[in-house]
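Data block below; observations after.
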Amino acid sequence: MNHELVVVVGAAGKLGRLVCASLLATPQVEVRALVRDPAKLPELAAAGVELVGFDAATASDAERAAALAGASAVVSTLQGGPDVIVDAQLALVRAAKAAGARRFIPSDYSYDIFGLPEGVNINSDWRRALARLADAEVGPGFEVVHVMQGIFADRGVLGFLGAFDGERGVVRYWGDGTTPIDWTTWADTARFTAAAALSKEPLPSRLYVAGDRKSILEFAAIWTRETGQAVTSERLGSLAELEAEVGRKLASEPTNMYAWLPLMYARGVYGGQALLGELANARFPSVQAKPLAEAIRAGEV
């Protein structure tokens with residue numbers, strides 16, 4: 001029986017490890033993980049993942065060709081600046097195509113980056129720049145598929161956004177709190193990504209999947225109902241005030257991305273411009289994504 005090889009680039013992170021596990025759950029699938037330091041990931045090796053030392057930012061053409069040899073699909077979970085998100089991933093797109101892979105999945109995993117105007121979120125700007133360049137590589141037998149799932153239904157991510165303090169039971173938001181938000185757990189995002197990598201059918205370049213769509217105030221109500229913890233809601237200001245706050249942070253701390261990047265993501269979340277398009281969940285019947293209530297009950301949030 002033929003085996004299929006999927007290469008996961010940047011598999012040392014949370015999502016990368018989950019993608020590897022989801023791929024290995026499918027019979028006859030082999031996984032090669034490209035990571036900077038394979039010695040730090042003995043659990044992946046023990047699970048049957050082939051580990052290859054690889055630095056996406058500095059790899060040569062020959063190293064990329066060797067790392068992707070035999071791949072049917074390449075999944076990136078890389079994070080970093082434009083040198084990684086744009087330059088390194090574009091080189092990997094071209095190497096994947098040259099290796100005969102049918103599909104490359106860049107490391108988007110976000111709300112709809114294509115729904116945002118330029119400048120709202122610098123990370124989304126980089127990913128759209130990659131998409132424009134990668135489109136030139138698409139052709140018969142080769143796809144670039146952008147997986148977008150909204151925001152991760154995760155307390156750490158909500159903490160990064162300044163949206164939820166689970167210890168104190170406080171939800172904070174900009175605007176009126178009723179803007180719909182798309183939510184998906186880490187595990188379900190990994191399962192959708194693995195299913196997309198393995199799909200024998202052509203996929204749309206913008207692949208929207210999600211577990212739920214609820215506003216931040218609806219999240220607070222669901223959290224209280226499922227956990228019994230009362231939640232206090234705190235409005236931080238209007239969307240215009242959020243815009244002004246981004247400008248102030250950029251002006252005062254231009255080199256400290258953690259001062260303004262969460263606010264940039266908040267602009268996309270609360271502005272309503274980055275809602276996902278028509279969901280493709282039905283393409284992957286093996287993935288039953290958890291709605292928020294179920295994810296909270298399962299302890300995934």
Side-chain angles (χ1 to χ4, degrees), residues 10 12-16 36 55-58 76-90 106-133 148-177 179 181-183 186 215-217 219-220 231-275 301:
K14 180 173 182 176
L15 183 61
R36 287 181 179 176
D55 188 327
T58 62
S76 172
T77 59
L78 291 167
Q79 297 298 324
D83 60 322
V84 173
I85 297 304
V86 182
D87 301 336
Q89 286 198 116
L90 181 60
S107 63
D108 297 325
Y109 317 114
S110 181
Y111 47 38
D112 185 5
I113 61 172
F114 299 100
L116 290 179
E118 202 75 11
V120 171
N121 183 335
I122 191 170
N123 269 347
S124 299
D125 295 348
W126 297 337
R127 285 165 168 78
R128 283 195 307 276
L130 170 68
R132 288 191 293 269
L133 294 166
M148 289 169 280
Q149 88 298 335
I151 69 171
F152 290 109
D154 175 80
R155 277 205 262 180
V157 172
L158 289 169
F160 171 78
L161 288 171
F164 183 51
D165 182 339
E167 297 301 318
R168 295 178 55 219
V170 179
V171 161
R172 302 183 180 92
Y173 62 92
W174 298 87
D176 64 8
T179 305
I181 302 169
D182 296 305
W183 309 72
W186 287 93
S215 71
I216 192 66
L217 292 180
F219 164 81
V231 173
T232 301
S233 298
E234 182 180 322
R235 184 176 184 267
L236 298 173
S238 67
L239 295 180
E241 288 169 326
L242 170 59
E243 189 72 25
E245 184 66 9
V246 174
R248 280 193 294 271
K249 291 292 188 181
L250 275 170
S252 64
E253 301 181 70
T255 62
N256 178 15
M257 65 182 294
Y258 294 104
W260 40 262
L261 187 59
L263 294 170
M264 287 187 169
Y265 272 101
R267 284 198 292 198
V269 168
Y270 298 115
Q273 297 168 299
L275 282 174
V301 180

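Position 1 is the first residue of the sequence; numbering continues from there. This one's a predicted model, so the numbers in the text were calculated from it and none came from an experiment.
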**Residue list, salt bridge (charged side-chain N to carboxylate O under 4.0 Å, His left out) with Glu243, at least two apart or on another chain** = Arg267
**Request:** Using a 4.5 Å cut-off on heavy atoms from C-beta on, say whether the side chain of Asn121 contacts that of Tyr265.
**Result:** yes
**Prompt:** Which heavy atom in Leu78 sits nearest to a heavy atom in Ala56, and how many Å separate them?
**Reply:** CD1-CB, 3.7 Å
**Side chain to side chain, Thr179 and Trp174, heavy atoms closer than 4.5 Å** = no
**Item:** For Asp112, all residues meeting salt bridge (charged side-chain N to carboxylate O under 4.0 Å, His left out), sequence neighbours excluded
**Value:** none
**Item:** Pairs satisfying salt bridge (Lys or Arg N to Asp or Glu O under 4.0 Å), at least one member in residues 150-163, at least two apart
**Value:** Lys14-Asp154
**Message:** If we ignore hydrogens and angles and just use 3.5 Å, is the side chain of Gln149 paired with the main-chain N or O of Ser110 as donor and acceptor?
**Reply:** yes
**Request:** Take Val301 and Phe219, measure what side-chain contact (heavy atoms from CB on, under 4.5 Å) needs, and give me the verdict at the end.
**Result:** CA-CA 11 Å; Val301 180; Phe219 164 81; 4.1 Å; yes
**Message:** According to salt bridge (charged side-chain N to carboxylate O under 4.0 Å, His left out), who are the partners of Arg36, at least two apart in sequence or on a separate chain?
**Reply:** Asp55
**Prompt:** With a 4.5 Å heavy-atom cut-off, do Leu236 and Leu242 have their side chains touching?
**Reply:** no
**Item:** Closest contact, heavy atoms only, Gly119 versus Asp125
**Value:** N-OD2, 3.1 Å
**Message:** Side chains of Arg127 and Gln89, heavy atoms from C-beta outward: is any pair under 4.5 Å?
**Reply:** no
**Message:** Between Thr77 and Gly10 (side chain of the first, backbone of the second, donor and acceptor by atom type, cut-off under 3.5 Å), is there such a pair?
**Reply:** yes
Distance-only donor-acceptor pairs under 3.5 Å for side chains of residues 157-169, two or more places apart:
unit_1: Asp165; atom_1: OD1; unit_2: Glu167; atom_2: N; d: 3.1
unit_1: Asp165; atom_1: OD1; unit_2: Arg168; atom_2: N; d: 3.1

**Request:** List in chain and number order the residues that pass salt bridge (charged side-chain N to carboxylate O under 4.0 Å, His left out) with Glu234, two or more places apart in sequence or in another chain; answer none if no residue qualifies.
**Result:** Arg172
**Prompt:** So do Met148 and Tyr111 actually touch side chain to side chain, heavy atoms under 4.5 Å?
**Reply:** no
